Amino acid sequence: MTEEELDDGNFDRLTSNIQRMEQISKRLVDVLLNRRPLRAELNSPAQEIFAKAFTSHLHTMIEDPGKIYERQLDYWAAMAHNFMHAQQDMLQGSFTAADDGEDDPLDDDRRFSNPLWKTSPYFRLIKLQYALNKKYIEQIVSEADNIDEKDRRRLGYFAEQIINMMSPTNFLGTNPDALEKAVATEGESLVHGLENLVEDLEANNGELVVRLADEDAFEVGVNIATTPGEVIYRNHMMEIIQYSPGTDAVREVPVVLFPPWINKYYILDLKEQNSLVKWIVDKGYTLFVVSWVNPDSSYSDIGMEDYIEDGFLTAIKVAKSITGQDKVNSVGYCIAGTTLHLVLSLLAKRGDDSVQSATFFTALTDFSDQGEFTPFLQDDFIDGIEAEVAEEGILRSFIMSRTMSFLRSNDLVYTPAIRSYMMGETPPAFDLLYWNGDGSNLPGKMTMKYLRELCQGNRYVKDGIELCGERLHISDVKIPIMAIACETDHIAAWKNCYQGLVQTFSGNRTFILSGSGHIAGIVNPPAKRKYGYYTNSKIESTPEAWRNNAVRQEGSWWPRWESWLKERSGDLIPARKPGNLSHPSLCKAPGSYVLVKSVI
C-alpha cells in the first residue's frame with residue numbers, strides 16, 4: 001500500500017472502523033457488567049494440587065539443587081540464544097527462513113503455518129520463546145515427585161491449558177495472520193471480529209461460548225434431521241419417533257435406538273448422506289428413536305430411575321406394542337449406552353427377556369480408568385457441580401459443553417475464537433459443529449447419581465448400584481452384545497469400553513474398533529469409505545491383546561454391524577406404517593422436544 005493510497009481514503013476508512021469498534025465496545029462493557037460469573041470451583045481445581053506441585057519442586061530444589069540450577073541455566077542459555085539470533089537477523093536485514101541447523105519444535109503445529117513465523121526475526125523469536133516455555137513447563141510437570149498419578153494427570157491437564165492459552169497466536173499483536181488481514185481490510189476484520197465476540201457474549205448472558213458453526217445455515221427438520229417419520233408417543237421424558245419404512249419389506253424385530261441426552265438425537269440424522277437413521281431404515285428395519293426432553297429447573301428431582309422406567313423401558317414397551325413383537329433389538333450411544341447396560345441388568349433381575357440384542361456405541365460401563373476426564377472427576381470439581389445443581393436444579397448445558405471443548409482446546413476453543421474474533425470470519429456451515437452447539441441440560445439428581453456412583457465410585461463394576469429396587473451389576477447381562485468403540489475417542493476411551501465388555505460375561509460378545517473419534521467414528525457412512533475399523537473373532541483378556549490380534553478392515557463398520565443385526569431380527573414381513581390405533585401420530589419427525597434450546 002503506497003502513501004498516496006493511504007492518503008486517498010484508506011486512512012479515513014481505518015479511522016471509521018476504529019470508531020465503529022468504540023461503539024461496539026460499549027455493548028461489550030454492558031454485557032460484561034451484567035454477567036453472572038460461574039462459580040469458582042468449576043473454573044479451576046482446588047489450590048491443593050498446585051501446592052503439591054510447588055512442594056515437590058521445592059523438595060527437589062533442597063535435595064538436588066544442582067538439578068534445578070542446571071535446568072535454569074539451560075533455559076536462560078536457550079532464551080539468550082533465541083534473542084541473539086533475532087538481533088543478528090535484524091542487524092543484517094536477514095528476513096529469509098532461518099536455517100541454523102536446529103529443528104523447529106513447532107514445525108508441524110498448524111497454528112504457526114504463516115511464513116512470517118520463519119522469515120520474520122520478530123515472530124520467530126516469539127515462537128521459539130513460546131516453544132521454550134512450553135518445554136520447560138512440561139518438564140516440571142513430568143518430573144514432579146511425591147504426587148500420585150491422578151494428581152499428576154490433573155496437573156498435566158491444567159498445565160496444558162495454560163500452555164494453549166498463552167500461545168502467541170491467541171493475541172492480536174503476535175498473530176501475523178490477524179495483523180495482515182487487519183491491514184488488508186483497513187480494520188474491517190477487527191470490526192467484524194469484535195461484533196462476533198459481543199454477539200456470542202450477548203447470546204449467552206455474558207459467558208464466552210464460541211460459536212463453532214453458522215447457526216443461520218441450518219434448521220432442524222428442514223435441512224438436517226429430515227428422515228421421514230412420526231412422533232407416536234410423548235411423555236415428560238421423551239418423544240418416540242417411528243420412522244417411515246424405506247423398503248417394501250422389513251425385518252420382524254424392531255430396532256429401538258437410545259441417543260445420549262447430553263446433546264440432541266439428530267447427530268445420527270444430520271444430512272441425508274451421513275444419516276445412520278436413514279441408512280438403517282433403508283436396510284429394511286422398523287426403527288424407533290428416542291428424542292429426549294431438554295430439562296429445565298423443574299426437572300431437578302428427575303433421576304436415573306426416571307430415565308430407565310419412563311424412558312428406556314417405556315420405549316421398549318411402546319415398540320413391542322406397535323409392532324406386535326415380543327422382543328426388540330436395542331442400541332445405546334454414549335451415556336445412553338451406559339444406561340442401556342443398567343437396563344439390561346434390571347431386565348435380567350426381573351426375568352424380562354424383551355431385549356433380543358444390544359449394541360453399544362462408544363459406551364462406558366467400567367470407570368476404573370477415568371482417562372482424560374480425570375481432572376473433572378475429583379471431589380473439588382464434582383463438589384462444584386453439586387453446588388451448581390443444588391442452586392439451578394440442572395447442570396446447564398454450556399458447562400458440560402465447555403468441559404468437552406477444553407479437552408481439545410486448540411481445535412474447539414482457540415482456533416475458532418481466532419477465526420471469529422480476530423479474523424472477523426463467519427463460522428463455517430458445518431452440520432456436525434451446529435449439532436455440537438445445540439446442547440441439552442441435565443437434571444440435577446440424575447447428574448449427581450451418574451457422577452458420584454458410576455464415574456467416581458464405579459459401583460456397577462464393583463459391588464453393584466442400587467436402582468429401581470434392585471442391585472444391578474455388570475455381570476448380570478447375558479444377551480448378545482456388540483460394542484463399537486473409536487480409536488481416538490477422548491470421551492470414551494476405546495480400551496475402557498473394551499474392559500467393560502470383557503466384564504459383561506455374556507457368551508456372545510463382539511467388539512469393533514472404528515477409526516477416528518467419538519462422533520466421526522460412529523457417523524461414518526459406507527459411501528465415504530473413511531477411517532476403516534478393526535475386528536477380532538475372539539474376546540481377549542486385555543484390550544492390548546485384542547488389538548494385537550485384530551485385523552484391519554477398510555471402509556465403514558456399518559455393514560458389518562447390519563449383518564450381525566440381521567441374524568437377530570427375524571424374517572421379512574410387509575413394511576409397517578408408523579403408529580397404530582393406540583399410538584397415533586402426534587406430529588411429524590423430528591418432533592417438538594428436539595427444538596427446545598438451552599438457555600444460560
Side-chain angles (χ1 to χ4, degrees), residues 1-28 31 86 89-90 95-98 104 106-131 164-203 208-217 405 408-430 433-434 437:
M1 181 182 300
T2 67
E3 291 185 9
E4 290 78 9
E5 289 173 328
L6 184 61
D7 292 338
D8 194 28
N10 288 327
F11 183 79
D12 290 338
R13 284 194 293 272
L14 180 61
T15 301
S16 174
N17 283 329
I18 292 174
Q19 291 173 345
R20 290 167 60 193
M21 291 177 65
E22 291 175 351
Q23 294 171 354
I24 299 171
S25 296
K26 294 178 182 178
R27 289 167 53 199
L28 176 62
V31 71
D89 281 352
M90 293 180 72
F95 292 94
T96 57
D104 185 340
L106 298 173
D107 192 46
D108 295 330
D109 193 324
R110 290 177 298 174
R111 294 174 297 174
F112 298 94
S113 59
N114 190 300
L116 285 174
W117 290 114
K118 290 181 179 295
T119 61
S120 165
Y122 167 73
F123 284 113
R124 184 172 184 272
L125 173 62
I126 291 171
K127 181 181 74 169
L128 292 179
Q129 189 59 36
Y130 170 70
N164 291 342
M165 180 178 66
M166 296 308 296
S167 169
T169 53
N170 295 336
F171 303 91
L172 178 61
T174 51
N175 186 318
D177 294 310
L179 290 172
E180 286 178 334
K181 188 165 186 180
V183 172
T185 62
E186 292 97 22
E188 189 75 22
S189 60
L190 299 181
V191 175
H192 290 313
L194 185 58
E195 181 69 38
N196 289 342
L197 171 62
V198 173
E199 286 181 355
D200 284 356
L201 289 168
E202 289 174 338
L208 183 55
V209 180
V210 184
R211 279 179 299 163
L212 299 179
D214 182 358
E215 296 180 357
D216 294 331
S405 294
R408 293 292 181 269
S409 57
N410 280 333
D411 293 332
L412 296 177
V413 180
Y414 297 117
T415 296
I418 289 167
R419 290 172 179 166
S420 184
Y421 307 151
M422 288 191 200
M423 310 291 286
E425 297 176 1
T426 300
F430 189 6
L433 291 179
Y434 175 84

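Just so you know, these numbers come straight off a predicted model, no measurement behind them.
- In this structure, CG in L190 is found 12.0 Å from CG in L197, a value given to the nearest 0.5 Å.
- Contact detail for A429 and A217: the closest heavy-atom pair is CB-CB, 3.6 Å.
- Looking at residues two or more places apart in sequence or on another chain, you find no salt bridge (Lys or Arg N to Asp or Glu O under 4.0 Å) involving D214.
- For S405, there are no side-chain hydrogen bond (donor to acceptor under 3.5 Å, both in side chains) partners, not counting sequence neighbours.
- The side-chain contact (heavy atoms from CB on, under 4.5 Å) check on D107 picks up D104, K118, with sequence neighbours excluded.
- In terms of the side-chain contact (heavy atoms from CB on, under 4.5 Å) criterion, residue partners of L116 (sequence neighbours excluded) are, by chain and number, N114, T119, S120, F123, P176, E180.
- Looking at every heavy atom in both residues, W117 comes nearest to K127 through CE3-CB, 3.7 Å.
- Minimum heavy-atom separation, P428 to L212: CD-O, 3.4 Å.
- Note that OG of S113 is 12.0 Å distant from CG of L106, once rounded to the nearest 0.5 Å.
- Between A417 and V210, the closest heavy-atom pair is N-CG1, 3.8 Å.
- One distance of note links CG of N410 with CG of D109; it measures 7.0 Å at 0.5 Å rounding.
- Applying the salt bridge (charged side-chain N to carboxylate O under 4.0 Å, His left out) test to pairs two or more places apart or on separate chains, those with a residue in residues 417-429 are K181-E425.
- Scored by the side-chain hydrogen bond (donor to acceptor under 3.5 Å, both in side chains) test, T415 finds no partners at all (sequence neighbours excluded).
- Take E202 and apply the side-chain hydrogen bond (donor to acceptor under 3.5 Å, both in side chains) test, not counting sequence neighbours, and it matches R27.
- Contacts of Y421 classified as ring-ring contact (aromatic ring centres under 6.0 Å, His included), with partners at least two apart in sequence or in another chain: none.
- For S167, the side-chain contact (heavy atoms from CB on, under 4.5 Å) criterion is met by R111, F112, Y130, T169, N170, not counting sequence neighbours.
- When the side-chain contact (heavy atoms from CB on, under 4.5 Å) test is applied to P427, the partners found at least two apart in sequence or on another chain are R211.
- The two residues S409 and N164 have their closest heavy-atom pair at OG-ND2, 2.9 Å.
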